[in-house]
Amino acid sequence: MTDQTVSFNLEKTYNHHEVEDRWRSAHWEALGSFHAESSQVLNNGKAPYTVLMPPPNVTGSLTLGHVLNHTLQDIFIRYNRMTGHEALWLPGTDHAGIATQTVVEKKLKKEGITRHDLGRKEFLDHVWQWRDEYGGLILKQLRRLGISCDWRRNLFTMDDRASKAVINAFITLYRDGLIYRGTRIINWCPVSQTALSDEEVIMKTRKDQLVYVQYALVNHPGRYITIATVRPETILADVAIAVNPRDPRYHDLVGELAVVPVAGRHIPVIADDYVDIDFGTGALKITPAHDANDYEVAKRHNLQAISVVGKDGKMTDTFGYGGMDRFDARKKILKDLEELGNLVRVEEYEHNVGYSERADVVVEPYLSEQWFVKMAPLAERALEVVNDGDIRFHPPHWINTYRHWMENIRDWCISRQLWWGHRIPAWYDTEGKVWVAATYEEACHLAGTDKLLQDDDVLDTWFSSWLWPLTTLGWTDQHTDNDDLNAFYPTNTLVTGPDIIFFWVARMIMAGLYFKGEVPFRDVYFTSIIRDMKGFKLSKSLGNSPDPIKVMDTYGTDALRFTIIYIAPLGQDVLFGEEKCELGRNFATKIWNASRLVFMQREKYFGNHEEFAAVYQNFDPRSGGFDLAGQWLLAGFYDMLNRYHAAFSQFKVHDIVRILYDFFWGDYCAWYLEALKVQLSGDVTRDEAQKAVCLAVYVLEGILKTLHPVMPFITDEIWHQILQRPSEESIALSPMPYSDPEYSDIDVSGFTLIQKLVAEVRSLRSLFGVPHNSEAEILLWPGNNADGLVFEANLPLIAALGQCIPKVMADGERPRHAAGSVVEGNELFVLLEGLISFDKERARLQKEINNISSYVAAVQKKLANKGFADNAHPDVIAKEREKLREAEDNLSKLNSNLTVLND
RNA sequence: GGACGAUUAGCUCAGUUGGUUAGAGCGCUACAUUGACACUGUAGAGGUCAGAAGUUCGAAUCUUCUAUCGUCCA
């Protein structure tokens, strides 16, 4: 073998390490292959296609969830890039307020330092340092996946541009009266020591004790009123006991005073509709500082709130509980109540309790002054655009969830008592008056004084995320007018998990409409949730979360990408096990090996690359002159392309990989390449052979292109070897193939008949135990002339695929000593003299005859049914008649076989 | 408590508006090793479509109820 021929072919075994390293995004990136330019849209009339990467947390590392999510986005982007769009994928990372601050605080804690030791400025320096050092990990890992972002545009939510947008958005909403400051019961995380939004609270079912406590009545010695509570430690903060005004049990007690146990305070018994008559005793303790509903009740009755639980989740210094953890205090007060004789009884009680999303501790309802966004005015249009289909959800059933949230929306608490984040642009003068402005100087100007103190709090991380479609395109305020925004907004497809539909999707829609007057995206694709093989959610603490980098090392990145899409149906949970990646790896190997075969044939019929290039570049599949298998392949290829593009337009990504897998493995490899071998080993001219090879390469190239969005590495590698393409080129920038409408009604029934015939021959061979290395003699008795001609013309094909010696029968004499069968009205006989057991064939035939007979009976009954004849669609009836005719034909032929056998 | 989704072969899943003798992959069984590929090929076994009732000439598919699981919201 010369060097020339070696380079003409692929290595014997596929090495994903080598191939993926070669095309790794560094190469694609170095060439700027994935850069998108607004001028292409604005000046050259190219259609834009924009995808917004959900910015991963800087603290994050790659999970399978990311793999699925980003592979999907990459598939959409690569597909649209290849279908002629100016495809822009906007990457970035999220500063993740609580998560990042926690990570850095933990690190400092190991050195014995708290953030308060450092002070705000120095602590933030530490965070930035940490971010520069470790924050890039997730992006590095994402690059390993081969995703095709425009990395020049990488944005961090704390970058100047993004920060400017956040501040301006705040000021705008404040001036429009949609941001306000107020004292409310909010969700407080005692670990992170910050307020949380309702969405950051996870409800979990847990068992607690429902404690029944009796309160003495001041004016009725010896009489008590009994309440039930799961939070006895907050008894110390009770300001009233409430009953339902329609509850006859307590009519006479309304207006009386009761004594708070332990605390000794006198509180009124009040009547309020809020109280559920059927719950507990029907009497409810009112603790406005520690329960949102109680707070509302207290407001209605002009009662002051008393607080007994502090920011750290410990009791404040009251009645000897000061400094105790709230859960310890709960145990202690239970004992104290028992000693005082106020404890009536204790029941087991299952209920839902809010936990902090980040710290996973029970959230404390906490009365404090916070900043809020009025959501109702924003929700109105956001709901409309989804209802009207301006934004489409895939799958659509998520609209219900979205609608329900929008219709019951509550104001958004956006202030966080953290240091890491966008500081709230509000200043207070010495009188406590608030001045909202972009800078201290502006605030001074507004206030008319320079004695101003800035609000200590920062904004919820999602307050920057909701502007993401705008900020990534350079938006900083409502007057921004730039080319990127004009070319690429609104973006097209958002791929995200349904778990952040409220956090992010809904709020982006609101922000887009409010600040830009236009929806931020058109389609939202909600991904599946990945679980392990037992159905458990993947989590680090369970240890069931495979490291995607390791999976890529073992099976290959293409294999992981392919597999995860193959097993992830739209909007359903996915059970993932690492070993499932064998599917993708095997597929990649198959592509490699099939390409090797094709290239070997190419080498055989073309002297060198130049000769092949000259012929191939002028190859026109319309020129015709293909054999039966070639025509069938081309028709199948075009049909595949139609289904492929349709699946994309319907967001059925899951179908896409199945369409490709089935066509490539099931049609191209299993049938076409086998037929090609037969054709080329036969009596062909060099011209015919070259034509056949060109067709094989042509369809292979089409498969590589259609597969490229899913498996970018191996497809680029092989694509380069089709025509010695320079490495600066990429399949990623080549045009996607479409079907040829001229080919839509080519008759390929000849080849499908041969397929069925071959399958039947193989089945009979196997059934009668014909050894694989021996060829069986086959007699074919055509049911009609046309089929007979097909058989005559394709005897070598039938011989090779069925491993047999086929002959077309000259007369209509049924052979003896044969196993017979019927294929589309044609009979075939496998001559098995010496091999066949007559009893076996008789039994087989009888079984088959019984099968068909009962089927015939069923169809006859159906056709005879008057209801069916009257109601069924004529097409359906015709179809049934045809099925019956075929079955009856089969039946009579098999019966004849049986008769011959019995002679 | 409410809303949504799921339940089809041992496992994981397809199955477009009701009309197939219900499909695929993995796994299993048997056979095949010099010709692209054992990360393979060929053949085979395996299902009362969760259960019940209903609509219909006809239901995996539509309706109702029940059961189990999951998600979201109270």
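- Comparing the C1' positions of B:C62 and B:U56 gives a spacing of 10 Å, expressed to the nearest Å.
- When the P atom is used for both B:C73 and B:U21, the distance is 46 Å, rounded to whole Å.
- Atom CD of A:Q803 and atom C1' of B:U42 are 10 Å apart (whole Å).
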*Could you walk me through whether A:Y274 and A:N293 pass the side chain to side chain donor-acceptor pair (under 3.5 Å) test, one step at a time?*
CA-CA 8 Å; A:Y274 165 70; A:N293 290 313; 3.2 Å; yes
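- Between the side chains of A:H16 and A:D558, no donor-acceptor pair of N or O atoms lies under 3.5 Å.
- For the pair A:S681 (side chain) and A:V678 (backbone), a donor-acceptor distance under 3.5 Å is present.
- In this structure, A:W398 has its ring center at least 6.0 angstrom away from the ring center of A:F393.
- For the contact set between residues 402-412 of chain A and RNA chain B, defined by any heavy atom under 4.0 Å, the members are A:H404, A:R410.
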*Just by protein heavy atoms under 4.0 Å, how would nucleotides 18-23 of chain B read 5' to 3' in B, S and -?*
-BSB--
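- Nucleotides of RNA chain B nearest to A:F587 and A:E582 differ in position, and the one nearer the 5' end is that of A:E582.
- With rounding to whole Å, A:K677 atom NZ is found 7 Å from B:A36 atom C1'.
- The nucleotide whose nearest atom lies closest to any side-chain atom of A:H654 is, among B:G25, B:C57, B:A14, B:A14.
- Between the side chain of A:K590 and the backbone N or O of A:W665 there is no donor-acceptor pair closer than 3.5 Å.
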Quick one: which protein N/O atoms are closer than 3.5 Å to N/O atoms of nucleotides 31-33 of chain B? Pair and distance per line, please.
| unit_1 | atom_1 | unit_2 | atom_2 | d |
| --- | --- | --- | --- | --- |
| B:C31 | O2' | A:H772 | ND1 | 3.1 |

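- The base of B:A36 sits within donor-acceptor range of the side chain of A:E674, with an N or O pair under 3.5 Å.
- Side-chain atoms of A:N850 and A:Q846 form a donor-acceptor pair, as typed in the model, at a separation below 3.5 Å.
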Pull out every protein N or O sitting under 3.5 Å from an N or O of nucleotides 44-46 of chain B, one pair per line with the distance.
| unit_1 | atom_1 | unit_2 | atom_2 | d |
| --- | --- | --- | --- | --- |
| B:G44 | OP1 | A:S763 | OG | 3.4 |

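- Remark: A:R881 pairs with no residue by the salt bridge (Lys or Arg N to Asp or Glu O under 4.0 Å) rule, at least two apart or across chains.
- Comparing the same atom, P, in B:A9 and in B:A50 gives a spacing of 8 Å after rounding to whole Å.
- Atom-to-atom, CG of A:L583 to C1' of B:C13 comes out at 12 Å; the value is rounded to the nearest Å.
- Of the candidates A:V758, A:L676, A:L633, A:W671 forms a side chain to side chain contact (heavy atoms under 4.5 Å, CB included) with just one, namely A:V758.
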*Given the rule that a pair is Watson-Crick or G-U wobble with both distances under 3.5 Å, how would you write RNA chain B in dot-bracket, using | for pairs to a different strand?*
(((((((..((((.....[...)))).(((((.......))))).....(((((..]....)))))))))))).
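- Distance check on atom P: B:U71 versus B:C49 gives 28 Å, rounded to whole Å.
- The gap from the C1' atom of B:G70 to that of B:C26 amounts to 24 Å, rounded to the nearest Å.
- Distance from the side chain of A:R762 is smallest to B:U42 among B:C72, B:C39, B:U42.
- Remark: side-chain polar atoms of A:D655 are not paired, donor with acceptor, to backbone N or O of A:A647 under 3.5 angstrom.
- Summarising the geometry, the separation between CD1 on A:I714 and P on B:C39 is reported as 16 Å, rounded to the nearest angstrom.
- To the nearest angstrom, P of B:C57 lies 10 Å from CG of A:D870.
- A:N890 pairs by the side chain to side chain donor-acceptor pair (under 3.5 Å) definition with nothing, not counting sequence neighbours.
- Rounded to a whole angstrom, the distance from the P atom of B:U33 to that of B:A14 is 39 Å.
- Rounded to whole Å, atom P of B:G41 lies 13 Å from atom CH2 of A:W671.
- The gap from the P atom of B:G5 to that of B:U17 amounts to 15 Å, rounded to the nearest Å.
- Side-chain proximity of A:H397 to B:G5, B:C37, B:G25: nearest is B:G5.
- Between the P atom of B:A14 and the CD1 atom of A:I659 lies a distance of 14 Å, rounded to the nearest Å.
- In this model, no side-chain donor or acceptor of A:K12 finds a partner on the base of B:A36 within 3.5 Å.
- With sequence neighbours excluded, no residue forms a ring-ring contact (aromatic ring centres under 6.0 Å, His included) with A:Y605.
- For A:D870, the CG atom sits in a packed shell: over 12 heavy atoms of surrounding residues, nucleotides or ligands are nearer than 6.0 Å.
- Formation of a donor-acceptor pair under 3.5 Å by the A:H17 side chain with backbone atoms of A:D553 is found in this model.
- For A:R658, there are no salt bridge (Lys or Arg N to Asp or Glu O under 4.0 Å) partners at least two apart in sequence or on another chain.
- Residue A:N593 places none of its side-chain N or O atoms closer than 4.0 Å to OP1 or OP2 of B:U40.
- No donor-acceptor pair closer than 3.5 Å links the side chain of A:R561 to the backbone N or O of A:V67.
- On the C1' atoms, B:A22 is 26 Å away from B:C65, given to the nearest whole Å.
- Residues forming a salt bridge (Lys or Arg N to Asp or Glu O under 4.0 Å) with A:E880 (at least two apart in sequence, or on another chain): A:K862, A:K883.
- For A:A594, the side-chain atoms get nearest to B:A36 when compared with the rest of B:G25, B:C73, B:A36.
- One atom, CD of A:Q755, and another, C1' of B:U42, lie 15 Å apart when rounded to the nearest Å.
- Side-chain atoms of A:K590 and base atoms of B:C37 include a donor and an acceptor less than 3.5 Å apart.
- Judged by closest nucleotide on RNA chain B, A:D655 is the one of A:D655 and A:C669 placed further toward the 5' end.
- Listed by chain and residue number, A:Y212, A:R345 satisfy the side chain to side chain donor-acceptor pair (under 3.5 Å) test with A:E347 (two or more places apart in sequence, or in another chain).
- Remark: side-chain polar atoms of A:N895 are paired, donor with acceptor, to backbone N or O of A:L891 under 3.5 angstrom.
- A:V684 is linked by a side chain to side chain contact (heavy atoms under 4.5 Å, CB included) to A:Q679, A:E688, A:A689, counting only residues two or more places apart in sequence or in another chain.
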